[in-house]
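The figures that follow rest on heavy atoms only: side chains count, while hydrogens, waters and symmetry mates do not.
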Amino acid sequence: MSEISETRAAPAHPLAGKTMTGADIIVQVLVDEGVDTIFGYSGGAILPTYDAVFRYNDEHRGEDGRSPVPLVVPANEQGAGFMAAGYARASGKVGVVMVTSGPGATNTVTPVRDCMADSVPIVVISGQVPTGAIGSDGFQEAPVSAIMGAVAKHVFLVTDPERLEATVRTAFEIARTGRPGPVVVDVPKDVQNWEGSFRGGGSLPVPGYRRRLQTAMSDSLSAEQCENFYRMLAEAERPLIYAGGGVVNSNGTEALREFADQHGIPVTTTLMGIGAADTTQPLSLHMLGMHGTAFANYAVEDCDFLIAVGARFDDRVAGVPKKFAPNARHIAHFDVDPSEIGKVKSVHWHYIGELTSSLRKLSAYGRRIGFDKDYSRWHGEIADLKKTYALNYDRASELIQPQYVIEEINRLTGGEAIISTGVGQHQMWAAQYFDFKAPRLWLTSGSMGTMGFGLPAAVGAQFARRDRLVIDIDGDASIRMNLGELETVTTYELPVKVVVLNNYGDGMVKQWQRLYYRGRLSASDKSLHSKDFVKAAQADGFQYAVRLADKQQVPETIREFIEYPGPAFLEVIIDPEASVFPMVGPGMPYSEMITGDFIPSRSKQGSREAGPSEMF
């Protein structure tokens, strides 16, 4: 029998020694790991485990009749993956997907890659053809290990049933620890039907991973490192924190805020870091980058000490690395992943390890040496930047501007709602104009930019946080990618609010085409001109489904929509020419940021045709 590491000093599991099927073992490990919701779609190769979920819920049903581990069925497996991602992002727990072999597994490739790119922990359990049939091109067979190996944090193919229990436990360990990510467990049908003894503990020996993890997580800031950091901070007149998704993923928000408040350091965040700083506070600069606020980008231009925390200097932020933060005499970088240090931008100081303890140790060192530098002049400059280069749009237009819609929703929700989005212009308007007082309220596909993310992610988030108002801000092109999940919302009676900002086409693509391709709208001004979203929502069970096209009705309709007690759908016909500004064009530094007609600019604005090798 293959080696299995036993959990040291762990109390005996009450079911240890009991004979179970492989499917029952999978379900029991899920329960032991704290899983309270599974998202998935059934099929032949996963039926034994689906039956095990049914039997477990039937045997452990609560007095209120509720299942302890409900299995939520989406319209397709991609929806299941994004629901698990929304659940994980909103809760901080590991999301779980359970699908069948072949197309069931391959339909989860996009959400798995999406989670890998944004460091989101999910575990995908996929059925597989029987062990003896692997490689025979059997019905609904797919080489899951080969396909997923390129996009997941780790993939397991379980061919030894004695290792099944330990494998599933290890999958959760890998998904949630270090830099979180997706783990896939491919389980042949005969392994699910196998019967054997439940151990109640143990995990696979993955010494290399655990050694690297231990090295990173046990590292501690030395007195010399703290001294060097505070030397740079003492020399700075304009320090700025640049916080990324790693702050949210590591639950390091509280420590970051304590450190920033202690020294009065302004904070700007990436798209994935939104919520790391309370956007309603004076020293919050909201988002930086390609579509970041002008005042945040100008603050990056002006700062003389840039402190990157859980951020990776990606192309949407540091588009031209050599020209990013050009006046920063020093750059410091905190990250749990050593591969990110110096990958894009050289830094003068770095720390690899757990974020919360390192920031708190740094704060304690600052208190111990009595560090108390006055940055009030910088604070005044920040206030001026926020006032002079504030977000703005065509408020006098007779057409409904999307920013106005979001401002009205934000006025009612006050930075307390969970906001999910699809991908496109609506995503950027939501990032710009919503407030977020806490982390895990902002759910979006960042690195992958996957259209169709918003609606299923909202479903997952609502299962994770039934105490929160969940709103999907979507676009007409993006929502159609997973439009079938409207029925999932009503089937499970979720009070999710869905907003479709309809500009009749791929708005962000059209914006780029207007700016860089002389207005040649190739295949972007095309779709859904005859789509009746309201009728579609009604057909899927929405009792509240309204189309808003009159600007004068915006405040009243939005209040009615938000206050509706159940699922609600709102289609808003917006200005089809509305654009997202500011915008840092491809291959351009922040100093050449395009701010449009309604936001002032420090420099002459312009655009150029994109070169053939430039990224979208």
Side-chain angles (χ1 to χ4, degrees), residues 269 271 274-275 277-282 284-287 291-296 385-422 424-438 441-444 454 458 468-476 478 497-503 507-508 511 546-564 568-583 595-600:
T269 73
L271 179 70
I274 288 176
D278 180 348
T279 61
T280 65
Q281 296 302 305
S284 169
L285 289 160
H286 220 302
M287 183 176 73
H291 291 296
T293 60
F295 48 82
L385 286 174
K386 293 180 73 171
K387 182 178 180 180
T388 303
Y389 303 103
L391 288 168
N392 204 3
Y393 57 92
D394 186 2
R395 297 178 185 273
S397 173
E398 294 182 1
L399 300 174
I400 298 177
Q401 299 301 307
Q403 300 96 327
Y404 177 39
V405 175
I406 293 171
E407 281 184 333
E408 282 298 303
I409 297 174
N410 189 58
R411 186 173 60 82
L412 296 175
T413 57
E416 302 283 356
I418 292 176
I419 306 296
S420 73
T421 77
Q425 288 180 314
H426 63 277
Q427 175 191 29
M428 295 297 106
W429 288 319
Q432 292 174 339
Y433 284 86
F434 272 112
D435 280 312
F436 298 91
K437 292 183 177 179
L441 300 180
W442 170 248
L443 318 177
T444 200
R468 289 277 185 177
L469 171 64
V470 178
I471 306 171
D472 170 34
I473 302 294
D474 233 314
D476 54 299
S478 190
K497 306 294 184 278
V498 181
V499 181
V500 173
L501 299 176
N502 193 346
N503 57 7
M508 187 63 85
Q511 177 171 331
V546 171
R547 178 177 296 108
L548 174 59
D550 182 354
K551 182 179 178 181
Q552 304 304 316
Q553 298 298 316
V554 168
E556 178 184 349
T557 303
I558 286 178
R559 177 174 291 279
E560 177 184 80
F561 164 74
I562 292 296
E563 293 179 352
Y564 188 79
F569 182 92
L570 179 64
E571 178 190 16
V572 186
I573 308 303
I574 63 169
D575 180 357
E577 298 296 317
S579 293
V580 180
F581 291 115
M583 177 176 177
T595 58
D597 296 330
F598 302 96
I599 302 172

Residues Y393 and Q401: closest non-hydrogen pair is CD1-CB, 3.8 Å
Is there a side-chain contact between L441 and F434, using heavy atoms and a 4.5 Å cut-off? no
Does the side chain to side chain contact (heavy atoms under 4.5 Å, CB included) test come out yes or no for N503 and D575, once each step is laid out? CA-CA 6 Å; N503 57 7; D575 180 357; over 6 Å; no
Apply side chain to side chain contact (heavy atoms under 4.5 Å, CB included) to V554 and Y404, showing your working. CA-CA 8 Å; V554 168; Y404 177 39; 3.6 Å; yes
Can you name the side chain to side chain contact (heavy atoms under 4.5 Å, CB included) partners of T280, sequence neighbours left out? D278, D435, K437
Is there side-chain contact between L391 and Y433, with heavy atoms separated by less than 4.5 Å? yes
Under the ring-ring contact (aromatic ring centres under 6.0 Å, His included) rule, collect the residues that match up with F295, sequence neighbours excluded. none
Beyond-backbone contact of Q511 with V580, side-chain heavy atoms, under 4.5 angstrom: yes
Please name all residues satisfying ring-ring contact (aromatic ring centres under 6.0 Å, His included) with W429, sequence neighbours left out, ordered by chain then number. none
Locate the shortest heavy-atom distance separating G422 from Q427; write the atom from each residue and the value. O-CB, 3.4 Å
For the residue pair A458 and V470, what are the closest heavy atoms and their distance? O-CG1, 3.6 Å
Can you name the residues that form a side chain to side chain contact (heavy atoms under 4.5 Å, CB included) with V546, not counting sequence neighbours? Y544, T557, L570
Return yes when atom CD of Q281 has more than 12 non-hydrogen atoms of other residues, nucleotides or ligands closer than 6.0 Å, and no otherwise. yes
The salt bridge (Lys or Arg N to Asp or Glu O under 4.0 Å) partners of E577 (sequence neighbours excluded) come to R514
Does the side chain of H291 reach to within under 4.5 Å of the side chain of Q425, using non-hydrogen atoms? no
Less than 4.5 Å apart, side chain to side chain, heavy atoms only: is that true for W442 and I419? yes
For I562 and I471, run side chain to side chain contact (heavy atoms under 4.5 Å, CB included): C-alpha distance rounded to whole Å, both residues' side-chain angles, the deciding distance at 0.1 Å, then the answer. CA-CA 9 Å; I562 292 296; I471 306 171; 3.8 Å; yes
Trace of the side chain to side chain contact (heavy atoms under 4.5 Å, CB included) decision for V405 with I558: CA-CA 8 Å; V405 175; I558 286 178; 3.8 Å; yes
May I ask you to decide if F436's main-chain N or O and T279's side chain share a donor-acceptor pair within less than 3.5 Å? yes
Using 0.5 Å steps for rounding, measure from the NZ atom of K497 to the CD1 atom of I473. 12.0 Å
A side-chain contact here means heavy atoms from C-beta on lying under 4.5 Å apart; do I573 and I400 qualify? no
So do S478 and V500 actually touch side chain to side chain, heavy atoms under 4.5 Å? no
Heavy atoms, side chains only, cut-off 4.5 Å: are I574 and H426 in contact? no
Between L271 and A431, what is the shortest heavy-atom contact and its length? CD1-CB, 3.8 Å
Can you tell me how far OG1 of T421 sits from CG of D474, rounded to the nearest 0.5 angstrom? 7.5 Å
Residue pairs passing the salt bridge (charged side-chain N to carboxylate O under 4.0 Å, His left out) test with at least one member in residues 386-400, sequence neighbours excluded, are R395-E407
Minimum heavy-atom separation for I599 to A294, with atom names? CG2-CB, 4.2 Å
How far does CG of L412 sit from CZ of F561, to the nearest 0.5 angstrom? 11.0 Å
For T293 against H286, the heavy-atom pair lying closest together: CG2-CB, 4.1 Å
